[in-house]
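Only one structure is covered here, and it is reproduced in the block below.
Not measured: the values here are computed from a predicted model. When reading the values below, keep in mind they use all heavy atoms of this one structure, side chains included, and skip hydrogens, waters and symmetry mates.
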Amino acid sequence: MKVALIGATGFIGSRLLRELAERGHAVTALVRKPEAVPALPGVTAQKADVHDQAGLAALLKGHDAVISAVHFTASDPRKLLGAVRDSGVPRYLVVGGAGSLEVAPGVKLFDTPNFPAAYLTEAQAGGAYLDLLRQERVVDWTFLSPAAVIAAGERTGQFRLGEDRLVVDAAGESRISAEDYAIALVDELERPAHSRRRFTIGY
């Protein structure tokens, strides 16, 4: 597929870029600094401004799918979604956050007492973007929330998927490697199973 990856040099974006390239997709890496994009097969780097809706839409046009891996607080959700809609690209996948996942009926992770204050603003912005997507009637979107802890690690391919509830292991921990997260998102790109829905991942 021809895939536009917004934020291809970030923590998650860089893993997605490698996963997409290794699976043979043609990727347009849309970033602020194209020189920072590694040389990988099928990857083309282009400079993009996520706050320029018209300019971004023009760059997205002609792709089969768009993946957004930018921080919610570093972008304008309405402009980002508007650019995807204006481009006519049929599929939009979003790197989400864990904060808006439920830990109990009606209780979101970012509403719990021990949620780290340093991540609260970003987590709440991610939840607001998910709410915005749920009202979207044109773009076929998917939002993938990671486990509570996502870190650099192994690419195992062994994980569990969920919907709106935080995935925890037998010890009550919620974690995933960024490499396995990338597998799950590219799997969703290749074999859509969560159209206009959020899903999550964990060990």
Between H25 and E19, does the side chain to side chain donor-acceptor pair (under 3.5 Å) criterion hold? Intermediate values first, please. CA-CA 9 Å; H25 296 289; E19 187 71 25; over 6 Å; no

Do the side chain of W141 and the main chain of R196 share a donor and acceptor less than 3.5 angstrom apart? no

Worked check of salt bridge (charged side-chain N to carboxylate O under 4.0 Å, His left out) between D187 and R23: CA-CA 10 Å; D187 283 351; R23 296 202 203 183; 2.8 Å; yes

Given side chains that start at C-beta, do those of D140 and P90 come closer than 4.5 Å, heavy atoms only? no

Hphob cluster co-occupancy, L132 + F143, side-chain heavy atoms under 4.5 angstrom: yes

From Y181 OH over to I176 CD1, what is the distance, rounded to the nearest 0.5 angstrom? 10.5 Å

Heavy atoms of V37 and L17 approach each other most closely as CG1-CD2, 4.0 Å

At their closest point, which heavy atom of A69 faces which heavy atom of L16, and how far apart are they? CB-CD1, 4.3 Å

The reported gap from CG in L80 to OG in S68 (rounded to nearest 0.5 angstrom) is 4.5 Å

Gap between atom OG of S174 and atom CG of L101 - 0.5 Å precision: 7.5 Å

Side-chain heavy atoms of P34 within contact of K47, under 4.5 Å: yes

Checking side-chain polar atoms at under 3.5 Å, does T73 have a donor or acceptor matched by the opposite partner on E122? yes

Hey, is the main chain of T156 close enough, under 3.5 Å, to the side chain of D180 for a donor-acceptor pair? yes

Grab the two heavy atoms, one from V43 and one from P38, that are nearest each other, plus how far apart they are. CG1-O, 4.5 Å

If you apply the rule salt bridge (charged side-chain N to carboxylate O under 4.0 Å, His left out), what do you find for R78 with D86, and how did you get there? CA-CA 12 Å; R78 293 186 184 278; D86 294 346; over 6 Å; no

Walk me through it: do E136 and R85 pass the test salt bridge (charged side-chain N to carboxylate O under 4.0 Å, His left out)? CA-CA 10 Å; E136 174 61 29; R85 192 187 300 120; 2.6 Å; yes

Would you say the side chain of D169 lies within less than 4.5 Å of the side chain of R175, judging by non-hydrogen atoms? yes

Does a salt bridge link K33 with E35, judged by any charged N lying under 4.0 Å from a carboxylate O? no

Co-membership, hydrophobic cluster, residues Y92 and I67, 4.5 Å side-chain: no

Considering only heavy atoms from C-beta outward, does the side chain of S75 approach that of V50 to under 4.5 Å? yes

Could you go through T28 and H63, starting from their C-alpha distance and side-chain angles, then the distance that decides it, and tell me whether this counts as side chain to side chain donor-acceptor pair (under 3.5 Å)? CA-CA 9 Å; T28 304; H63 290 85; 2.8 Å; yes

Would you indicate whether F11, at its atom CZ, is surrounded by more than 12 heavy atoms from other residues, nucleotides or ligands within a distance under 6.0 Å? yes

Are V149 and L109 in one and the same hydrophobic cluster, where Ile, Leu, Val, Met, Phe, Trp and Tyr link if side-chain heavy atoms are under 4.5 Å apart? no

So E179 and R15, salt bridge (charged side-chain N to carboxylate O under 4.0 Å, His left out) or not? Walk me through it. CA-CA 6 Å; E179 289 74 12; R15 269 78 175 180; 3.0 Å; yes

In this structure, CZ of F199 is separated from NE2 of H194 (nearest 0.5 Å) by 5.0 Å

R134/D164 ion pair, N-O < 4.0 Å: yes

Is it true that, when you exclude H71 itself, more than 12 heavy atoms of the residues, nucleotides or ligands shown sit nearer than 6.0 Å to its NE2? no

Drop me the distance from L5's CG to I12's CD1, to the nearest 0.5 angstrom. 11.5 Å

Are the side chains of V27 and T44 in touch, meaning some heavy atoms are under 4.5 Å apart? no

Do you know the tightest heavy-atom contact between P146 and G97? CD-C, 3.6 Å

Is any side-chain heavy atom of V103 closer than 4.5 Å to one of T112? yes

Separation of L59 CG from D49 CG (nearest 0.5 Å): 10.0 Å

ILVMFWY network linking L40 to I183, side-chain heavy atoms under 4.5 angstrom: yes

Has R32 got more than 12 heavy atoms of other residues, nucleotides or ligands less than 6.0 Å from its CZ? no

Applying side-chain contact (heavy atoms from CB on, under 4.5 Å) between V89 and each of V3, D64, L60, report the one that passes. L60

Over 60° means perpendicular and under 30° means parallel, so tell me whether F110 and F115 are parallel, tilted or perpendicular. perpendicular

Identify the heavy atoms of A148 and L166 that sit nearest to each other, and give their distance. N-CD1, 3.8 Å

For the hydrophobic clusters of this structure (ILVMFWY residues joined by side-chain heavy atoms under 4.5 Å, transitively), does one cluster hold both L161 and V168? no

Examine Y129 together with F72 and report whether their ring centres are nearer than 6.0 Å. yes

Spell out, as yes or no, whether a donor-acceptor pair under 3.5 Å connects the side chain of S177 to the backbone of E154. yes

Within-4.5 Å side-chain heavy-atom neighbours: L189 and L93: yes

How close do S100 and G127 get, heavy atom to heavy atom, and via which atoms? CB-CA, 3.8 Å

Let me know which of R198, R197, R91 forms a salt bridge (charged side-chain N to carboxylate O under 4.0 Å, His left out) with E188. R91

